[in-house]
Amino acid sequence: MSELTPLTGEALNALRDEFDADGTSRLAMNAVTAAGIEKVARNYDRARLLQRRFSTVVDNGEATHQDRSGRCWLFSSLNVARFIAKKNMNLKEFEFSQNYAMYYDKLERVNYFLKDMAALVEAGEPSDSRLVQHLLADVMGDGGQWTMAMNVYKKYGAVPKDLFPETESSKNTREMNVQLRALLHTAVAHMYAVAGDQAAIDQIVADTTAAGHRILTIHLGEPPVSFDWEWTDKDGEFHRDGEITPVEFWKKYVGPAGLEDYVCLVDDPRAEHAKGKKIGIEHLGNVAGGDATEYLNVPNQFMKDCVKQILVEQGIPVWFGADCHPFMDRENGAWATDLFEYGKVYDFDFDLDKEARVRFGDSAMNHAMAFAGVDVADDGSTRRWRVENSWGSKIADKGYFTMSDDWFTEYVYEVAVPKTMLPAEYQKALEEPATMLPAWDPMGALAK
């Protein structure tokens with residue numbers, strides 16, 4: 001490797017002189033240091049002209065709040081499910097327990113990670129390999145994917161929120177995750193110390209799983225195995241189910257919608273990954289024996305068409321994953337590709353397209369939400385989208401955001417749709433083996 005060239009004092013002085021001679025840059029410095037880049041770069045005309053009206057609106061009630069946790073994928077999938085459950089029970093307001101879903105997701109992830117690592121140790125994977133170090137660094141976060149959420153609901157069902165409410169640790173997961181991560185790191189170190197002794201490794205897995213269960217129960221509470229369910233609907237009529245299990249509850253009030261059979265479509269913009277083909281991510285999952293985390297790679301426009309059709313014709317929310325940070329006005333609840341003019345403030349052309357942003361680490365899916373409306377022009381094209389977020393009702397339009405159609409093109413990466421709405425060639429592609437990408441591939445990014 002050639003020697004790196006230092007930044008010399010002469011070069012630094014030249015940069016300073018150039019900055020000082022540029023009146024526009026000095027004016028930008030004065031503005032940004034006083035007001036912050038978001039206020040200075042905000043495109044006033046675009047912000048005021050971004051309409052918040054939609055030709056189709058799916059009303060899902062009060063926006064939920066994930067607090068200081070990375071559970072957006074659970075919140076958004078349960079927001080889709082709660083819309084269905086409310087309709088089936090004739091309720092105006094209802095919310096599932098996100099704490100219950102997280103409890104079993106994390107318990108299953110403890111098992112998945114330990115079994116995965118035990119197999120790698122047995123296969124002789126070096127402890128300092130890129131794979132092992134990636135898995136150790138990424139273990140026991142809060143993020144996830146649509147398929148992972150469905151794995152939890154299929155195995156454990158769901159419960160109403162008031163029967164397993166939030167705790168301090170479910171609302172702020174940091175300290176709990178630190179302890180779980182330390183637990184799993186310790187277990188892996190012990191596995192490598194006894195490599196070759198399968199019985200000893202099996203015992204480490206069993207002991208660590210038990211410890212993970214204790215930690216989760218201490219932090220999140222002990223979830224119900226069954227419960228009595230009764231409610232009064234929005235017409236004032238009283239209903240009683242009697243004792244019911246979480247799985248029975250899910251199957252009865254959400255199951256008929258077929259969410260478990262949905263397919264996750266992605267827009268992987270890299271040229272080497274053909275459209276109409278399945279891709280998967282190695283070592284990515286939560287429930288051992290559950291459905292693999294795989295996606296069908298399709299054009300972005302096809303994703304839009306599917307979402308529009310579901311919203312307009314079926315009238316239910318649609319789960320999706322996006323890179324939520326670029327060009328986001330969080331307080332006012334808006335996304336548009338020209339909502340902020342950073343390049344004009346910095347005098348720099350940020351010219352990467354979607355493919356380059358993915359390839360060079362500038363963009364990946366990091367947040368999951370639900371589409372809850374769309375504005376369709378007279379010619380059938382989509383103009384903007386209404387989004388149900390999980391950041392509470394005190395921001396945006398009572399928690400609902402507005403997304404421009406061009407922002408969808410550039411920063412939405414995946415949507416979950418019914419398998420039955422796919423054309424024949426895509427149906428056939430789902431039957432073929434997925435092209436597996438390494439654990440660190442950007443398409444394996446988790447929504448948080």
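Side chains are part of it too, since the values below use all heavy atoms of this structure and drop only hydrogens, waters and symmetry mates.
Side-chain N/O atoms of His283 and Asp116 include a donor and acceptor closer than 3.5 Å. Looking at Asn151 and Lys155, their side chains never bring a donor and an acceptor atom within 3.5 Å of each other. Side chains of Thr209 and Asn111: a donor-acceptor N/O pair is absent below 3.5 angstrom, by distance only.
Distance check, rounded to the nearest 0.5 Å: CG of Asp375 to OG1 of Thr402 gives 10.0 Å. Here the OG1 atom belonging to Thr337 is positioned 14.0 Å from the CZ atom belonging to Phe408, to the nearest 0.5 angstrom. Distance check: Glu425 CD to Lys275 NZ gives 14.5 Å after rounding to the nearest 0.5 Å.
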Given Glu260 and Trp250, is the side chain to side chain donor-acceptor pair (under 3.5 Å) satisfied, shown in steps?
CA-CA 11 Å; Glu260 299 166 12; Trp250 173 268; 2.8 Å; yes
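Within the cation-pi definition used here (under 6.0 Å to the ring centroid, within 45° of the axis), Lys86 does not qualify as a partner of Tyr253. For the pair Arg386 and Tyr400, the cation sits on the ring face: its NZ or CZ lies under 6.0 Å from the ring centre, inside 45° of the axis.
Centroid-to-centroid, the aromatic rings of Trp335 and Phe327 stay 6.0 Å apart or farther. Taking the six-membered ring for Trp, Phe320 and Phe371 have ring centres closer than 6.0 Å. Taking the six-membered ring for Trp, Phe94 and Phe96 have ring centres closer than 6.0 Å.
Between Arg52 and Asp397, no side-chain nitrogen of the basic residue sits less than 4.0 Å from a carboxylate oxygen of the acidic one, so the salt-bridge criterion is not met. Comment: Arg357 engages Glu410 in a salt bridge, judged by a side-chain N to carboxylate O separation of less than 4.0 angstrom. A salt bridge is absent between Glu168 and Arg68: the closest approach of a Lys/Arg side-chain nitrogen to an acidic carboxylate oxygen does not fall below 4.0 angstrom. Using a 4.0 Å cut-off between charged side-chain N and carboxylate O, Arg359 and Glu355 make a salt bridge. Salt bridge absent: Lys92 and Asp233 never bring a charged side-chain N and a carboxylate O closer than 4.0 Å. A salt bridge does not link Asp142 with Lys448: none of the charged nitrogens is closer than 4.0 Å to a carboxylate oxygen. Under the 4.0 Å criterion applied to side-chain N and carboxylate O atoms, Arg82 and Glu388 are assigned as salt-bridge partners. A salt bridge between Lys304 and Asp267 is absent, with no side-chain N of the basic residue lying under 4.0 Å from a carboxylate O of the acidic one. Between Glu125 and Arg130 there is no salt bridge, since none of the side-chain N atoms of the basic residue sits less than 4.0 Å from a carboxylate O of the acidic one.
Note on ring orientation: taking the six-membered ring where Trp is involved, the planes of Phe164 and Tyr100 are perpendicular (angle over 60°, cut-offs 30° and 60°).
Between Lys398 and Ala63 the shortest heavy-atom distance is O-CB, 3.6 Å. The shortest heavy-atom contact between Arg330 and Phe401 is O-CZ, 3.7 Å. Closest of all the heavy-atom pairs between Asn297 and Ala274 is ND2-O, 3.3 Å.
For NZ of Lys251, the number of neighbouring non-hydrogen atoms (other residues, nucleotides, ligands) closer than 6.0 Å is 12 at most. At most 12 heavy atoms of other shown residues, nucleotides or ligands fall within 6.0 angstrom of atom CD in Glu222. At most 12 heavy atoms of other shown residues, nucleotides or ligands fall within 6.0 angstrom of atom NZ in Lys277. In Glu230, the CD atom is crowded: over 12 heavy atoms of neighbouring residues, nucleotides or ligands sit closer than 6.0 Å. Atom CD of Glu38 sits in a crowded spot, with more than 12 heavy atoms from other residues, nucleotides or ligands closer than 6.0 Å.
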